[in-house]
Amino acid sequence: MKKRDIFRGVLCAAGCLLTLSCVSEKEKPSYIEIPKALSMNVKGGNPFVLTEETEIVIPSELKDWQAGISVFNSSLRKLTGDTLAVVGSSSSASTVLLKHNSELPSEGFRLHVNADEVRIEAADAAGAFYALQVLNQSLLLQKQAPFTLPAVDIEDGPEMKYRGAMLDVSRHFFTVEQVKRFIDLLAVHRLNYFHWHLTDDQGWRMEVKKYPKLTEVSKEFYTQEEIKDVISYAKQRFITVVPEIDLPGHTTAALVAYPQLGCTGGPYTMTTDKGGVHKDVLCMGKDFSYQFAKDVLSEVATLFPSPYIHIGGDEVPRDRWKQCPDCQAAIKKYHLKATQEQSAEDLLQGEFNVQMAAYLKTLGRQMVGWDEVLSDNIDPSTIIMSWRGLNQGFKALKKGHPVIFSSTGHFYFNNCQAEDAANEPLSTGGLLPMQTVYEAPLVLPESVAGRDTLVLGAEACLWTSHVDNDQLLDYMMLPRLAAFSEVTWTGSRRGGYADFLNRLPHMLEIYEKMGFGYAPHFFGIKASYAPDAEKNQLFVTLNSVEGSTIYYTLDGTVPDKNSQVYQSPIGIEESCTLKAVAYTPSGLCSDLLQKEVKVNKATFKKITLQTTPETRYAGENGKVLVDGVRSQPFHTTGMWVGYLGKPMEAVIDMEEKQNVTQVVLSSLTDMGSYIMGISKVEIYASDNGEDFTLLTENTYKAPEAKMQGKKIENLTLNFSETQARFIKVVARGFEALPEGHSGAGQPPFLFVDEIEIN
């Protein structure tokens with residue numbers, strides 16, 4: 001291809017180069033700074049201009065670098081309609097030169113750009129690919145020819161070896177093209193591992209030649225040829241595909257296909273649940289279960305070149321094993337004896353894990369498991385993926401295991417990202433704003449000091465119970481994945497969140513240019529509420545990211561830059577609607593903070609909790625119940641009072657006798673978080689705070705076991721007009737989670753918020 005017409009815009013009619021004047025007439029190009037580079041020096045002087053003569057020069061011995069160049073040219077073709085010629089040597093005056101430099105770290109690179117040339121130095125093909133990505137993204141920011149690259153010196157490289165993201169294709173099946181699109185997202189953010197969650201209760205998505213019924217019952221699946229295609233696509237982008245075959249739990253789809261794998265022998269039916277934990281799992285007392293697992297893992301190892309194979313191992317109920325004579329015989333066979341920490345059935349899963357780890361070693365693979373696989377006898381080379389909080393990862397490090405952090409409270413992107421859940425897509429889990437992702441405290445405590453080399457990296461996970469299309473996927477992943485990329489690439493070099501936000505707008509442009517959507521949730525406003533009984537006021541303190549300006553209103557109108565600027569705590573005496581927004585210097589706007597303040601006879605008054613709540617959910621010793629502000633439907637906001645296995649009893653002192661006819665209180669139901677709401681409320685009155693008389697009581701229906709989402713109910717109890725100084729509210733929870741729930745039989749949580757007295 002000798003003529004590349006798309007570059008002709010750099011030539012003026014007189015035949016002279018008008019690069020500088022053309023650039024000055026439009027927005028000057030720049031470089032994406034997410035993840036933030038180790039060093040970047042944007043220099044003065046003329047930029048490098050892509051022309052029809054520009055060539056990519058690469059020595060013949062660097063053949064494995066060609067994949068990165070192909071991806072770069074593919075993107076360039078989409079942007080401009082053409083590509084750059086690739087040559088072994090060049091006499092052109094316009095070159096992009098790739099050079100091997102063994103002194104640089106793996107995946108690291110140096111990028112030098114001036115008016116005469118672009119020079120990329122890297123120790124390996126991955127480093128060269130990331131440097132080319134920097135160039136590609138700079139070009140994407142430009143709207144038209146001439147396409148230029150500003151003079152710059154960049155040196156960069158990742159801190160973490162493992163920078164991954166997981167896609168669950170069992171709960172919702174994504175096509176090959178959609179999976180490739182997801183891989184493109186990873187490549188944009190310099191992630192290098194794609195964790196493919198291929199099996200679960202809702203479907204078995206990988207073709208297994210020896211067990212064809214697995215995919216016959218699941219219907220939607222990937223053939224082995226399609227899987228090879230995805231692996232090849234990822235490899236071109238220097239991404240390793242890590243397959244996960246969930247064993248021995250989350251196996252309903254396998255049991256439907258081969259009932260003999262279960263303790264009862266079935267028949268089993270394919271679940272229609274979007275998620276959850278199912279009691280029927282692989283029988284650990286049958287030789288066939290172990291042989292099945294090994295046969296499947298053998299085909300997986302043959303298909304996937306990844307050094308890691310994930311076996312799941314999470315959320316495995318013991319119910320069937322306790323009742324199964326084969327499993328009990330296996331416990332005796334392996335001489336498993338219960339301890340204070342682990343039951344015999346716990347140890348039985350441990351034995352399975354030990355055998356799978358040993359078998360994978362014979363295949364030249366290293367086993368990865370969710371943190372439930374951690375046990376005293378598991379092979380220390382087993383990689384622990386800690387999802388149940390960072391502490392599980394620290395525990396694994398203490399035992400000498402390699403660890404990948406995937407904490408649900410920091411890196412689970414199926415969590416909601418804004419407090420206004422009613423106007424957000426249905427999600428699972430709790431609240432995970434982008435700032436929480438960015439500020440994940442991956443600092444090792446003293447108990448595991450010196451184990452840094454065992455930290456492989458971190459992984460962002462997307463469970464797809466409610467994500468069934470590309471638009472929703474983008475919404476849940478972006479821009480949180482940008483924050484995650486900086487956690488893993490920049491690591492301990494991370495600056496403050498405000499600095500990250502100031503660099504984010506250019507990345508948002510890249511998403512738009514590449515056809516990705518994103519959620520408009522960049523940062524929020526944190527409010528704290530201090531009821532003052534003496535002044536009979538609620539003082540509201542607002543905080544947001546450093547450098548931002550907060551504007552607020554109290555009349556219910558949406559604030560803008562013409563509204564009142566927040567400078568000190570706001571004193572509120574009467575019912576109102578508080579709304580606030582904040583703006584960063586780069587122009588990003590916060591989520592809208594909206595709080596209804598409802599002043600009533602309980603507001604700002606002294607409250608005494610006569611039953612002790614859970615330490616994590618103490619709600620400022622009950623003060624949140626009388627601050628006049630109702631919480632959002634997330635139990636982790638700090639504005640709920642939470643109990644487990646006991647009722648809430650609260651006494652409110654209204655300071656003097658008053659006429660009362662009504663009490664209203666809020667309860668939370670979130671079955672996915674084992675929160676069931678209120679079963680019964682009792683209201684009592686007293687003149688002296690000691691002798692109470694029952695005014696009214698009411699009972700409430702239990703929520704359905706498979707209820708989706710989160711729900712706040714405002715429970716209203718009316719009674720005959722009564723004079724009293726003290727009101728006691730007793731809220732009782734349900735005794736146990738219902739049949740059909742993954743935690744059936746266990747005590748649920750009880751969460752209570754605002755109490756009104758009218």
Side-chain angles (χ1 to χ4, degrees), residues 161-162 164 166 195 197 199 242-251 281-285 287 289-294 296-298 300-301 306-318 321 327 330-407 444 447-448 450-459:
K161 173 186 175 183
Y162 187 107
M166 186 216 76
H195 174 180
H197 185 79
T199 72
V242 178
E244 180 185 354
I245 305 297
D246 217 333
L247 301 166
H250 287 289
T251 50
V281 298
L282 294 190
C283 178
M284 293 289 90
D287 291 341
S289 295
Y290 294 80
Q291 189 58 51
F292 168 83
K294 290 178 180 179
V296 170
L297 292 176
S298 176
V300 169
S306 166
Y308 310 132
I309 292 178
H310 203 306
I311 71 148
D314 62 313
E315 299 179 324
V316 185
R318 316 304 193 199
W321 298 350
C327 290
I331 288 172
K332 292 180 181 178
K333 173 185 174 182
Y334 295 121
H335 308 291
L336 305 176
K337 297 187 182 300
T339 66
Q340 285 187 336
E341 288 96 21
Q342 293 183 303
S343 68
E345 289 75 23
D346 293 336
L347 297 171
L348 185 58
Q349 185 184 351
E351 175 62 31
F352 174 81
N353 294 335
V354 167
Q355 291 192 31
M356 293 306 108
Y359 180 68
L360 285 172
K361 266 193 169 183
T362 68
L363 301 176
R365 300 295 194 274
Q366 195 169 355
M367 189 172 94
V368 185
W370 299 111
D371 53 56
E372 286 97 327
V373 307
L374 186 63
S375 62
D376 291 337
N377 59 345
I378 193 73
D379 190 301
S381 68
T382 300
I383 298 169
I384 304 300
M385 191 168 278
S386 68
W387 73 278
R388 295 178 301 168
L390 300 177
N391 285 335
Q392 294 294 331
F394 300 148
K395 182 179 177 181
L397 289 172
K398 195 171 184 179
K399 289 178 175 288
H401 288 272
V403 167
I404 298 167
F405 289 103
S406 59
S407 164
L444 301 190
S447 61
V448 287
R451 300 291 176 105
D452 306 64
T453 56
L454 289 174
V455 177
L456 298 184
E459 181 171 285

Check your understanding: Which of these, E315, H197, E244, sits in a side-chain hydrogen bond (donor to acceptor under 3.5 Å, both in side chains) with H250?
Key -> E315

Practice item. Verify, without hydrogens or angle tests, whether S386 (side chain) and Q392 (backbone) share a donor-acceptor contact under 3.5 angstrom. Key: no

Review point. Do the side chain of T199 and the main chain of I245 share a donor and acceptor less than 3.5 angstrom apart?
Key: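 No, T199 side chain to I245 backbone: no donor-acceptor pair under 3.5 Å.
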
Please list, chain by chain and in numerical order, all residues satisfying side chain to side chain donor-acceptor pair (under 3.5 Å) with [X], sequence neighbours excluded.
{"X": "H401", "answer": "none"}
{"X": "E341", "answer": "none"}
{"X": "D376", "answer": "K399"}
{"X": "K395", "answer": "none"}

Residue list, side-chain contact (heavy atoms from CB on, under 4.5 Å) with [X], at least two apart or on another chain:
{"X": "D346", "result": "R318, Q342, S343"}
{"X": "S406", "result": "W370, M385, W387, E459, C461"}
{"X": "V455", "result": "L397, F405, L444"}

Counting C-beta onward and ignoring hydrogens, is there a side-chain heavy-atom pair between [X] and [Y] closer than 4.5 Å?
{"X": "P307", "Y": "Q366", "value": "no"}
{"X": "V316", "Y": "W321", "value": "yes"}
{"X": "R451", "Y": "V403", "value": "no"}
{"X": "Q349", "Y": "P248", "value": "yes"}
{"X": "V242", "Y": "Y162", "value": "yes"}
{"X": "S375", "Y": "N353", "value": "no"}

Atom of [X], atom of [Y] and distance for their closest heavy-atom approach:
{"X": "G285", "Y": "A330", "answer": "CA-CB, 4.0 Å"}
{"X": "P317", "Y": "V281", "answer": "CD-CG1, 4.0 Å"}
{"X": "L348", "Y": "I331", "answer": "CD2-CG1, 4.2 Å"}
{"X": "L390", "Y": "S407", "answer": "CD2-CB, 3.7 Å"}
{"X": "R365", "Y": "A301", "answer": "NH2-O, 2.7 Å"}
{"X": "P243", "Y": "V300", "answer": "CG-CG1, 3.5 Å"}

Between [atom1] on residue [X] and [atom2] on residue [Y], distance to nearest 0.5 Å:
{"X": "M367", "Y": "T382", "atom1": "CE", "atom2": "OG1", "result": "4.0 Å"}
{"X": "L347", "Y": "H335", "atom1": "CG", "atom2": "NE2", "result": "13.5 Å"}
{"X": "I309", "Y": "I311", "atom1": "CD1", "atom2": "CD1", "result": "10.5 Å"}
{"X": "I404", "Y": "H195", "atom1": "CD1", "atom2": "NE2", "result": "9.0 Å"}

Point to revise | Residues, nucleotides or ligands: over 12 heavy atoms within 6.0 Å of N377 CG | key: yes

**Study point:** Sequence-distant partners of D314, salt bridge (Lys or Arg N to Asp or Glu O under 4.0 Å), two or more places apart
**Key:** none

For residues 354-363, run the donor-acceptor check on the side chains, cut-off 3.5 Å, and write out each pair with its distance to 0.1 Å, sequence neighbours left out.
{"from": "Q355", "atom 1": "NE2", "to": "Y334", "atom 2": "OH", "distance (Å)": "3.2"}
{"from": "Q355", "atom 1": "NE2", "to": "E351", "atom 2": "OE2", "distance (Å)": "3.0"}
{"from": "K361", "atom 1": "NZ", "to": "D379", "atom 2": "OD2", "distance (Å)": "2.9"}
{"from": "T362", "atom 1": "OG1", "to": "Y359", "atom 2": "O", "distance (Å)": "2.4"}

Practice item. Dump the intermediate steps for side-chain contact (heavy atoms from CB on, under 4.5 Å) on E345 and M284, then the final yes or no. Key: CA-CA 9 Å; E345 289 75 23; M284 293 289 90; over 6 Å; no

